[in-house]
Amino acid sequence: MKVRTRVAPSPTGDPHVGTAYMALFCLAFARQHGGQFILRIEDTDAARSTPESEQQILDSLRWLGLDWDEGPDVEGPFGPYRQSERVAQGLYQQYSDQLIENGHAFKCYCTSERLDEMRKAQTEKGEFAKYDGQCIHLSAADHAEHLKSETPFVVRMVIPTQGTCIVKDKLRDDIEIDWSQIDMQVLLKSDGNPTYHLAVVVDDHLMEITHIIRGEEWINSAPKHILLHQYLGWDMPELVHMPLLRNPDKSKLSKRKNPTSILFYQRMGFLPEAVLNYLGMLGWSMPDGEEKFSFQEMVDSFDIDRISLGAPVFDVDKLTWLNGRWLRESLSDDEFADRLVDWAYNRENLLKVIPLIRERVDVFTELAGKASFLLEGMPELTEADLQIKNLEPEDVLKILQFALWKSEALRTWERDLLNDLFMQLAEQMDRKVRDVLAPIFVAIAGSPVSPPLFDSMAILGPDMCRARLRHSINILGGVGKKKMKKLEKEFNALGR
RNA sequence: GUCCCCAUCGUCUAGAGGCCUAGGACACCUGGUUUUCAUCCAGGCAACAGGGGUUCGACUCCCCUUGGGGAUGCCA
């Protein structure tokens, strides 16, 4: 059997290190067995998917060297590799129809209001919230009537009313999940797009995926996937559920608490081989215990049974140490110079910076000091640096937190949009623009005197800016749980 | 609430019943090398969540408790 693995990110935000983590193990496993690794774009959520995000995912996985054998930009025999294009071919519709025909799925006309109420009532009774099956009993006449009145509908899958599903996972004992705990999953949304559950099953089968390596968060939906394979008469691929990367507080790694974007680590000046090495040592180890290893070395000694199931905390300190080793031990001076130029010390990057700096210098020697913040990581700040004229320390903290939230909501990171965003914030907070911007200047530029803020932020990019805002918030002692709730309330009251 | 997964130093991990007085690494502390700093070297601190079994013998196997996490969407 030829091994084929896949990673299937949805292009709905920044390229996540979790995606790279899964891709790394998929690739390592595939390479170890002389198999193939496929990149598939799961853009069935029309409202949230963007082409920019897709491009970033492609770029950052490629930056890491996680090259795919087939994907949206690499021709392959099982294309297209973008689900939206597969939707256009009517691929999922066809299987959805087949499932309905065979009595494995049904059309459901229930409104979201009714479903909300139903779930609420079930939860209150201490039950597992799931669809109550109302539309499963509809007669042919009922369906005809709905068809005539063009009632929007979804397609749901039929779930056994009793018994247990056994989920086989290569890394753990058999998992038993009662069918009563499985909802009659929507397969086709009312807009005609498939949900993840239908799309993943159809595509994995059609693309001849043999091993599904994915996050632990999917264990509970595995029964749906197994059942769909049965309904369609297909063989189920082998399952490997990887542990989830965690924040220092052990919750699932999230951008609210940590920089999660691969772009951030690139921007911070990490080497791709070090990042990959670090991801590889989370949940996996070399047989001889060596911590520094290249991807090829990982493949050469790869053994899926050496994956440990405890949830690893993503520790930037250790990544930094490892990156230092790569820098010192694996690069010649020549290569070091080349990498540095590739990274940021190049003409293209300089041309972004010069327009902001040239008016502010008289001789070249002044340049480094004024532009350094654009090439640095976290600015070195103390609490004293964040004492701002006209503002109480509480206000500074609040402004920074609000700025962070505002910036998290921003979809496209551009100068003018940033400008609008913070003008709006000042207005909503009923404060002078200058006062609101002052702490943000310090947090971003490391000094109250700096080139224009929004241009600088645009150059630094969203991840670096968010990280710096968070950095300053932490310097001020951070925001406790209680205070966070209060601030959140206040923030939401600002309106949009 | 219900279901599922997981559990070794603060963090990443080694450990497949006796090799464990639990090993390595990051972080931290101490000392050495270095004009300084960094690197490097040497050393130190620090863990088997708790309770029951099984066994001649449990970090390792089983059960319970606790803790953490996840799922519970017309998001993936």
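What you are looking at is a predicted structure, and each value in this text was computed from that prediction instead of being measured. Protein chains get the first letters and strands the later ones, always in sequence-line order, with residue 1 at the start of each.
Under the rule for a side chain to side chain contact (heavy atoms under 4.5 Å, CB included), A:Glu150 has no partner lying at least two apart in sequence or in another chain. Scored by the side chain to side chain contact (heavy atoms under 4.5 Å, CB included) test, A:Asp300 finds A:Gln296 as partners (sequence neighbours excluded). Residues that satisfy the side chain to side chain contact (heavy atoms under 4.5 Å, CB included) test with A:Thr12, not counting sequence neighbours, are A:Ser10, A:Arg48, A:Ser49. For A:Trp343, the side chain to side chain contact (heavy atoms under 4.5 Å, CB included) test picks out A:Leu340, A:Tyr345, with sequence neighbours left out. Under the ring-ring contact (aromatic ring centres under 6.0 Å, His included) criterion, A:Tyr92 pairs with no residue at all, not counting sequence neighbours.
For the residue pair A:Asp317 / A:Thr320, no side-chain donor-acceptor distance below 3.5 Å is found, with atom types taken as modelled. For the residue pair A:Ser330 and A:Lys292, a side-chain donor N or O sits within less than 3.5 Å of a side-chain acceptor on the partner. One side chain, A:Glu297 or A:Ser294, offers a donor N or O that lies under 3.5 Å from an acceptor on the other.
The distance from atom CD of A:Glu117 to atom P of B:rG73 is 15 Å, rounded to the nearest whole Å. Distance, A:Leu245 CG to B:rU11 C1': 13 Å, rounded to whole Å. Put simply, CH2 on A:Trp179 is 16 Å from C1' on B:rU72, counting in whole angstrom units. Following rounding to the nearest Å, A:Arg246 (CZ) and B:rA7 (P) show an atom-to-atom distance of 11 Å.
Heavy atoms only, all atoms of each residue included: A:Asn258 and A:Pro248 are closest at ND2-CD, 3.1 Å.
A gap of 11 Å separates the C1' atoms of B:rC12 and B:rA27, to the nearest Å. For the P atom pair drawn from B:rG67 and B:rG73, the interatomic distance equals 25 Å after rounding to whole Å. Taking atom C1' on both B:rU35 and B:rG43, the two are 26 Å apart, rounded to the nearest angstrom. Distance check on atom C1': B:rC74 versus B:rG69 gives 27 Å, rounded to whole Å. One P atom belongs to B:rU55, the other to B:rU60, and the distance between them is 16 Å to the nearest Å. Separation of the C1' atoms belonging to B:rC63 and B:rA22 is 25 Å when rounded to the nearest angstrom. Here the separation of B:rU33 from B:rG10, taken at their C1' atoms, is 30 Å to the nearest Å. Separating the C1' atom of B:rG1 from that of B:rA16 is a span of 38 Å, rounded to the nearest Å.
Residue pairs meeting the ring pair (Phe, Tyr, Trp, His ring centres under 6.0 Å) criterion with at least one member in residues 117-141 of chain A: none, sequence neighbours excluded. Listed by first and then second residue, the side-chain hydrogen bond (donor to acceptor under 3.5 Å, both in side chains) pairs involving residues 272-287 of chain A are A:Glu273-A:Arg339, A:Asn277-A:Trp326, A:Ser285-A:Arg306 (not counting sequence neighbours).
The 12-atom threshold is exceeded at CG of A:Asp342, counting heavy atoms of other residues, nucleotides or ligands nearer than 6.0 Å. No more than 12 heavy atoms of other residues, nucleotides or ligands sit less than 6.0 Å from atom CD of A:Glu145.
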Got a list of protein N/O to nucleotides 4-6 of chain B N/O distances below 3.5 Å?
residue : atom : partner  : partner atom : Å
B:rC5   : O2'  : A:Arg172 : NH1          : 3.0
B:rC5   : O2'  : A:Glu216 : OE2          : 2.7

Within the sub-3.5 Å range, which N or O atoms of nucleotides 22-30 of chain B have a protein N or O partner, and how far apart are they?
residue : atom : partner  : partner atom : Å
B:rG24  : N2   : A:Glu291 : OE2          : 3.4
B:rA25  : O4'  : A:Glu291 : OE1          : 3.1
B:rA25  : O2'  : A:Glu291 : OE1          : 2.3
B:rA25  : O2'  : A:Lys318 : NZ           : 3.4
B:rA25  : N3   : A:Lys318 : NZ           : 2.8
B:rC26  : OP1  : A:Trp321 : NE1          : 3.4

What does the list of N/O pairs under 3.5 Å between the protein and nucleotides 74-76 of chain B look like, with a distance for each?
residue : atom : partner  : partner atom : Å
B:rC74  : OP2  : A:Arg119 : NH2          : 3.2
B:rC74  : O2   : A:Ser190 : N            : 2.9
B:rC74  : O2   : A:Ser190 : OG           : 2.8
B:rC74  : N3   : A:Ser190 : OG           : 3.1
B:rC75  : OP2  : A:Lys189 : NZ           : 2.6
B:rC75  : O2'  : A:Asp45  : OD2          : 3.0
B:rC75  : O2'  : A:Arg48  : NH2          : 3.0
B:rC75  : O2   : A:Arg48  : NH2          : 3.3
B:rA76  : OP1  : A:Thr44  : OG1          : 2.9
B:rA76  : OP1  : A:Lys189 : NZ           : 2.7
B:rA76  : OP2  : A:Tyr196 : N            : 3.2
B:rA76  : O3'  : A:Glu42  : OE1          : 3.2
B:rA76  : O2'  : A:Ser10  : OG           : 3.2

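Distance from the side chain of A:Phe128 is smallest for B:rU2 among the nucleotides B:rC12, B:rU13, B:rU2.
Across all strands shown, B:rA7 forms a Watson-Crick or G-U wobble pair, both distances under 3.5 Å, with B:rU66. Taking a pair to require two hydrogen-bonding distances under 3.5 Å in either a Watson-Crick or a G-U wobble arrangement, B:rA27 remains unpaired.
Within the nucleic acid shown, A:Gly215 has no heavy atom closer than 4.0 Å to any nucleic acid atom. Counting non-hydrogen atoms under 4.0 angstrom, A:Arg306 reaches the backbone sugars and phosphates but no base.
Where A:Leu282 and A:Arg328 each meet RNA chain B at their nearest nucleotide, the meeting point lying more 5' is that of A:Leu282.
For the segment residues 49-60 of chain A, the set of residues with a heavy atom within less than 4.0 Å of an atom of RNA chain B is empty. Proximity of residues 203-213 of chain A to RNA chain B (heavy atom under 4.0 angstrom from any strand atom) is not detected for any residue.
Side-chain contact between A:Thr195 and A:Thr44: absent, with no pair of heavy atoms (C-beta onward) separated by less than 4.5 Å. Contact annotation: the side chain of A:Lys318 approaches that of A:Met281 to within less than 4.5 Å [non-hydrogen atoms, C-beta and beyond].
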*asked:* Evaluate A:Tyr265 against A:Phe314 for ring pair (Phe, Tyr, Trp, His ring centres under 6.0 Å), listing each step before the verdict.
replied: CA-CA 12 Å; A:Tyr265 295 95; A:Phe314 193 93; 5.4 Å; yes

